[in-house]
Amino acid sequence: QVHLAESGGGLVQAGGSLRLSCVGSGLGFVIQQMGWYRQCPGKQRELVATVRTSDRPSYADSVKGRFTLSRDYAKNAVSLQMNSLKPEDTAVYFCHAIGELEGIRARDYWGQGTQVTVSS
């Protein structure tokens with residue numbers, strides 16, 4: 001069974017930084033794509049940043065230049081460095097992965113979500 005373990009959420013002031021981490025685990029779990037989504041208060045879940053294996057990360061326009069996504073392929077992990085945080089970045093952030101488990105066709109996997117709150 002696949003598990004995405006998230007960490008790094010918290011409360012920061014506007015202009016501050018935070019680093020989110022996610023580690024995927026599970027026997028035979030092969031990740032093809034990994035990244036982060038977020039759900040702001042009163043809004044639908046939206047893509048923040050994602051990266052396919054051996055590719056470069058893509059970002060939502062709202063976070064370009066401020067957020068950086070990094071993959072650790074050996075650990076099935078991804079980190080999101082968030083700088084110059086704004087109050088509108090406040091959301092529950094969800095780790096997301098697309099991968100295969102024990103040879104089964106790739107599907108989406110989700111973390112439980114971690115709260116990021118940016119105060120003004």
Side-chain angles (χ1 to χ4, degrees):
Q1 186 170 338
V2 172
H3 176 66
L4 300 180
E6 303 159 321
S7 63
L11 173 65
V12 297
Q13 294 183 352
S17 298
L18 209 58
R19 185 177 181 87
L20 304 181
S21 295
C22 178
V23 180
S25 62
L27 294 177
F29 186 35
V30 179
I31 295 176
Q32 300 169 350
Q33 183 173 329
M34 201 169 192
W36 291 89
Y37 284 70
R38 70 185 181 187
Q39 188 164 12
C40 300
K43 298 183 179 180
Q44 297 183 8
R45 189 175 300 184
E46 64 180 3
L47 175 68
V48 177
T50 190
V51 62
R52 295 181 174 86
T53 299
S54 301
D55 206 347
R56 300 177 65 180
S58 60
Y59 301 90
D61 288 341
S62 60
V63 306
K64 286 181 179 178
R66 299 188 297 120
F67 292 9
T68 303
L69 188 70
S70 301
R71 274 282 300 271
D72 186 334
Y73 295 97
K75 298 180 179 179
N76 273 353
V78 66
S79 296
L80 183 68
Q81 180 65 44
M82 304 184 293
N83 298 327
S84 302
L85 284 162
K86 305 174 181 179
E88 50 262 45
D89 294 318
T90 295
V92 178
Y93 284 70
F94 296 90
C95 183
H96 168 257
I98 299 175
E100 295 182 346
L101 179 61
E102 298 178 343
I104 300 174
R105 167 169 280 216
R107 54 152 288 181
D108 293 84
Y109 297 90
W110 295 93
Q112 293 297 313
T114 183
Q115 178 71 46
V116 171
T117 302
V118 184
S119 62
S120 60

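The shown structure was predicted, so the numbers you read here are calculated from the model rather than taken from an experiment. In what follows, every heavy atom counts, from backbone to side chain, and hydrogens, waters and symmetry copies are set aside.
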What are the two closest heavy atoms between Ala77 and Val23, and how far apart are they?
-> CB-CG2, 3.9 Å
Answer yes if Met82 and Val92 sit in the same cluster of Ile, Leu, Val, Met, Phe, Trp and Tyr residues linked by side chain heavy atoms under 4.5 Å apart, and no otherwise.
-> no
With rounding to the nearest 0.5 Å, note down the distance linking CD in Gln1 to NE2 in His3.
-> 9.5 Å
Side-chain donor-acceptor pair present, Thr117, Gln115, cut-off under 3.5 Å = yes
May I ask you to list the residues sharing a hydrophobic cluster with Leu11, side-chain cutoff 4.5 Å, ordered by chain and number?
-> none
Side-chain donor-acceptor distances from residues 94-104 under 3.5 Å, at least two apart:
| unit_1 | atom_1 | unit_2 | atom_2 | d |
| --- | --- | --- | --- | --- |
| His96 | NE2 | Asp108 | OD2 | 2.5 |

For Ser58, what residues pass the side-chain hydrogen bond (donor to acceptor under 3.5 Å, both in side chains) criterion, not counting sequence neighbours?
-> none
Smallest heavy-atom separation, Ser17 atom then Asn83 atom, equals OG-OD1, 2.8 Å
Taking all non-hydrogen atoms of both residues into account, name the closest pair between Glu6 and Gln112 and its distance.
-> OE1-N, 3.2 Å
So do Glu88 and Val118 actually touch side chain to side chain, heavy atoms under 4.5 Å?
-> no
Donor-acceptor contacts, no H, no angles, side chain residues 29-48, under 3.5 Å, sequence neighbours left out:
| unit_1 | atom_1 | unit_2 | atom_2 | d |
| --- | --- | --- | --- | --- |
| Gln33 | OE1 | Arg52 | NE | 3.4 |
| Gln33 | NE2 | Thr50 | OG1 | 2.9 |
| Arg38 | NE | Glu46 | OE2 | 2.9 |
| Arg38 | NH1 | Asp89 | OD1 | 3.0 |
| Arg38 | NH1 | Tyr93 | OH | 2.9 |
| Arg38 | NH2 | Glu46 | OE2 | 3.4 |
| Arg38 | NH2 | Ser62 | OG | 3.3 |
| Gln39 | NE2 | Lys43 | O | 3.2 |

For residues 9-24, the salt bridge (Lys or Arg N to Asp or Glu O under 4.0 Å) pairs (sequence neighbours left out) are none
Identify the two heavy atoms, one from Leu69 and one from Pro57, that lie closest to each other, and give their separation to 0.1 Å.
-> O-CG, 3.6 Å
Going by chain and number, the hydrophobic cluster around Tyr73 (ILVMFWY, side chain to side chain under 4.5 Å) further includes none
Just how far is it from atom SG of Cys22 to atom CG of Asn76, taken to the nearest 0.5 Å?
-> 9.5 Å
Side chains of Leu85 and Phe67: closer than 4.5 Å at any heavy-atom pair?
-> yes
Separation of Thr114 OG1 from Leu18 CG (nearest 0.5 Å) = 8.0 Å
